Amino acid sequence: MLDIKFIRENRKTVESAIKKRHEDISVSALIDIEEKRLDLLREIEVLRSRRNTVSEEIGRLKKAKQDASGLIAEMKSVSEKIKSINARLKDTDNHITSIMLTIPNIPHNSVPVGKDEYDNAEIRKWGTPGTFDFEPLNHWDIAEKLDIIDFDRASKIAGARFALMKGPGARLERALMNFMLDHNTARGYREVSPPVLVNRDTMTGTGQLPKFEADLFRTVDPELYLIPTAEVPVTNIHRNEILDEAILPLYYTAYTPCFRREAGSYGKDTRGLIRQHQFNKVELVKFVKPENSYDELEKLTADAEDILQQLGLPYRVVVLCTGDLGFSAAKTYDLEVWLPGQQRYREISSCSNFEDFQARRAKIRFRREGKKGTEFVHTLNGSGLAIGRTVVAILENYQQEDGSVIIPEALRHYMGTEAIKNGI
RNA sequence: GGAGAGGUGGCCGAGUGGUUGAAGGCAGCCGCCUGCUAAGCGGUUGUCUCGAGAAAUCGGGACCCAGGGUUCGAAUCCCUGCCUCUCCGCCA
């Protein structure tokens, strides 16, 4: 959420930001409603002030056994007036909030202006896509031959876009999860294991609601949401808190399963592990002081990149353009890993600075030493990494002509083996 | 799932419907005092918001889990929800 004061004072900036994102929201209409709200607020506060003084006076009179019926009658009408203005004020408030919650974050200056993913800009590349003496297979073909992923049975159990990991496939996910968590904790992130079902306030805090309800799985009784990423519960750890300056920056890492409806992506990546309703992910989350957040974004991205480097997986870093940028983000780097089976780079991590957008929604503040008042922290997060897609990348990049898959050096200790051969 | 208890400031804890933003204590901060430390004494310490001001600050409003209601007036009474705790049942 943006600051309504900021919107009033920087109407042009906000309007152009909305335009760059190809959204259509009337800022002037919002400002008009805000003016109306302030009028009502001033009006009601005068009346409340009057009520407070007179009610006190009534108390004094009653204590002295004197007549207060005149004042009581007057206050009766004042109270009614307050009640009716309050109702209008509440409506106006709700109206403003409902608009505010749908206004996206303002892209950072360094974010390229563009329409869609084709306008994203490549920042750097690491590694070279390997060459094969044979036709490299898709990961689902590799997995089928090795009998380590069973999509047919998964769809019997749950439906399309689910996977059943078997034997070394299941082990590979577990190895990656441990490898990533160890990697991240060694870099100063505190490991947490949060709830994966969360309430509405939590989903609103990070920006999934109210706009993206259709992307989420929801339970009926009680009404809870399945998290689409650990960003949601982990960022909300500090919702409605005022943090001491001294504990910042705070780094967290969490492994969780993630759940996405994938509404609107029918026909996309229907085969394989790339796009699932349920997938595993290790996430990185930071709470930092505003002046450091862009340095922290570079560091967070580097932390995620290091995982790919240790796994020896070629990748590139792209900065998302304004049209592809997520609703809550001010700037995002995507890490895209090379997939020989598709002969292209595919997203495996997304690292974003939300500035104070989520912090304002979730009321996550901090107090500076020796200074009065509070400020919003800046929040960041990134995948470190999406485990399912890492499995895909390993299978495809490390596949051998005989159908086996070599396990990257860094993972062998966790995997307990150097290669996945048929069934073992 | 059944029965009961409770949710007050950074923490503990009081609070007959009428100077209660909230006693008291602890912790914190600022002074004073003490050779140092401890103790002691005095003062001070929440958040959000509207208005005035260049600012320090000043004035108003709101906030005692959340949302409604009763009342001239609610932390205090009523309703709903959420959460915590105890006992029974069930259960990984």
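Labels below follow one simple rule: chain letters A, B, ... track the order of the sequence lines, proteins then strands, and each chain is numbered from 1. None of these values were measured; they are calculated from a predicted model.
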Starting at atom CD of A:Glu74, determine the distance to atom C1' of B:rC72, rounded to an integer number of angstrom.
10 Å
Are A:Tyr252 and A:His238 close enough that a side-chain donor and a side-chain acceptor fall under 3.5 Å?
yes
Closer than 4.0 Å, any side-chain N/O of A:Arg51 to the OP1 or OP2 of B:rG61?
no
Phosphate-side-chain proximity, A:Ser79 and B:rC72, N/O vs OP1/OP2 below 4.0 Å
no
Which residue lies more 5' along RNA chain B, comparing A:Glu34 with A:Gly59 via nearest heavy atoms:
A:Gly59
When all nucleic acid strands are considered with a 4.0 Å heavy-atom cut-off, which category describes A:Arg50: base, sugar-phosphate, or nothing?
nothing
Pairing of A:Arg50 and A:Glu45 as salt bridge, 4.0 angstrom limit
no
Mind calculating the distance between CD1 (A:Ile58) and C1' (B:rA74) to the nearest angstrom?
15 Å
Are OP1 or OP2 of B:rG46 and a side-chain N or O of A:Arg367 less than 4.0 angstrom apart?
no
Looking across every strand, which nucleic acid part, if any, lies under 4.0 Å from A:Lys63 by heavy atom: base, sugar-phosphate, or nothing?
nothing
Write down the distance separating the P atoms in B:rA22 and B:rA39, rounded off to the nearest Å.
28 Å
Any side-chain N or O of A:Lys372 under 4.0 Å from OP1/OP2 of B:rC48?
no
Does a donor on one side chain sit under 3.5 Å from an acceptor on the other, for A:Gln358 and A:Glu231?
yes
Can you tell me how far P of B:rA62 sits from NZ of A:Lys90, to the nearest Å?
12 Å
Watson-Crick or G-U wobble partner for B:rG6, using a 3.5 Å limit on both distances?
B:rC83
Over how many whole Å does the gap from A:Leu89 atom CG to B:rG67 atom P extend?
14 Å
For A:Lys289, is there an ion pair with A:Glu245 - N to carboxylate O distance below 4.0 angstrom?
yes
State, without any angle test, whether A:Arg190 and A:Tyr251 hold a side-chain donor-acceptor pair at a distance under 3.5 Å.
no
P-based separation of B:rC58 from B:rU76 [nearest Å]
30 Å
Rounded interatomic separation in angstrom, taking CZ from A:Arg48 and P from B:rC72
17 Å
Where the side chain of A:Ile72 is concerned, which of B:rC72, B:rG60, B:rC50 is the nearest nucleotide?
B:rC72
In whole angstrom, what separates A:Glu369's CD from B:rU45's P?
18 Å
Would you kindly say whether A:Lys331 and A:Ser352 are connected by a side-chain donor-acceptor distance under 3.5 Å?
no
Partner lookup for B:rC91, please. Criteria are Watson-Crick or G-U wobble with both distances under 3.5 angstrom; report none if nothing qualifies.
none
When all nucleic acid strands are considered with a 4.0 Å heavy-atom cut-off, which category describes A:Thr374: base, sugar-phosphate, or nothing?
sugar-phosphate
Taking any heavy-atom pair under 4.0 Å as a contact, classify A:Leu41: base, sugar-phosphate, or nothing.
sugar-phosphate
Among B:rC50, B:rC72, B:rU47, find the nucleotide with the atom closest to the side chain of A:Lys76.
B:rC72
Round to a whole Å and report the spacing from CG of A:Asn52 to P of B:rG73.
10 Å
How would you label the contact of A:Ile44 with the nucleic acid (heavy atoms, under 4.0 Å): base, sugar-phosphate, or nothing?
nothing
What is the distance from CG of A:Asp93 to P of B:rC48, rounded to the nearest Å?
17 Å
Can you check whether any acceptor in the base of B:rG60 is under 3.5 Å from a donor in the side chain of A:Glu45, or vice versa?
yes
Is there a donor in the side chain of A:Glu213 and an acceptor in the side chain of A:Tyr225, or the other way round, less than 3.5 Å apart?
yes
Using a 4.0 Å heavy-atom cut-off across all strands, classify A:Arg60 as base, sugar-phosphate, or nothing.
nothing
Mapping A:Lys62 and A:Arg37 onto RNA chain B by nearest heavy atom, which one lands closer to the 5' end?
A:Lys62
For A:Asn199, answer base if it contacts any base atom (sugar-phosphate contacts may also be present), sugar-phosphate if it contacts only those atoms, and nothing otherwise; contact means non-hydrogen atoms under 4.0 Å.
nothing
What is the nucleic acid contact for A:Lys83, judged by heavy atoms within less than 4.0 Å: base, sugar-phosphate only, or nothing?
sugar-phosphate
